[in-house]
Amino acid sequence: MIFNFLNKIDESFGITEVKAHCDVPCGVYDPIPCQIAGMTVARMMDTITELEAHEVKDHNGTRDLHYQNKITRMVNEKERSAELVKHEIRVIWGDFYKEPQFKSFPELHNLVHEIMLLASKCKQNVDVQASRDLVTKLNRFSEIFWEIKGIASHTIKYHCKPNLDVVFPKF
Amino acid sequence: MIKIVKIKGHSMSPEYSSGDYLFLKVSFFRKKIKRNMKVVFNHPYYGLMVKRIVSINCNGKSILVEGIHSDSVSTEAMGVIPIDSIVGVPFWHVRQRS
């Protein structure tokens, strides 16, 4: 209400602008890419596990070239996505958050460290639970991000398999 | 005395966003200035700016400032800011989505 009132004054009379000047066009920070990467890791865990089970059950575990090609591609995508999670989180944590946000959310440093460890665990292993834990931690990271931005968020089921809960902003 | 200003730019984000309004105290504030306070000041090159105080020089007559965002104009680029060029200090922040 106050903001709208000030906006009306600004439109009618013009309020003096103060520059919060940047050297370069400001970075766009958003946790959604790392959440999607996290869900890709979760999906790859499932497909790798399913492919292996199918191989053992229906192909006597021969693991031919066709199988090796598929599994290599899945592992490669899991590796790439987990690394993307680490990169995106590191940028938001290092460049976007500052002292006031760390004071408001003292859990942030520990949360980021847990995400790093879980992403590494997902790279090193075929561990379905680790991928779910990673997505959960990324959701908490996202929740904090949107709270800091003053934008309401909510939890929804993501539309792609494995249809995990995801925290997105309410635009 | 108070003054209302509108923020343009993102160097103070996430604390202040572009489009937010600040209510400034424009008198009787100079003796209360301390490190980490946000101040609005006139810069000879950049014009009217809002930044955070990094340090107050020994003689108490000038300050060094910084933005909160990593892309902000650097402290070195803004140089030493004379205390007299400070226009006011924010005491109320009105966010766009408040």
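These numbers come from the heavy atoms of this one structure, side chains and all, not from hydrogens, waters or symmetry mates. Labels below follow one simple rule: chain letters A, B, ... track the order of the sequence lines, proteins then strands, and each chain is numbered from 1.
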Practice problem: Specify which of B:I68, B:V40, B:V87, B:N36 makes the most heavy-atom pairs with chain A at under 4.5 Å. | Solution: B:I68

Quiz item: Relative to the ring of B:Y16, is the ring of B:H93 parallel (under 30°), tilted (30 to 60°) or perpendicular (over 60°)?
Solution: perpendicular

Quiz item: A:N4 versus chain B, heavy atoms under 4.5 Å apart: side chain, backbone, both or neither?
Solution: neither

Quiz item: Would A:E83 and A:R80 pass as an ion pair if we require N to O under 4.0 Å?
Solution: no

Quiz item: Where on B:V50 is there a heavy atom nearer than 4.5 Å to chain A: the side chain, the backbone, both, or neither?
Solution: both

Under 3.5 Å, sequence neighbours excluded: what are the donor-acceptor pairs made by side chains of residues 153-164 of chain A?
residue : atom : partner : partner atom : Å
A:K157  : NZ   : A:D165  : OD1          : 2.8
A:N163  : ND2  : A:Y158  : O            : 3.1
A:N163  : ND2  : A:C160  : O            : 3.4

Quiz item: Quick one: do B:K6 and A:E17 make a salt bridge, cutoff under 4.0 Å?
Solution: no

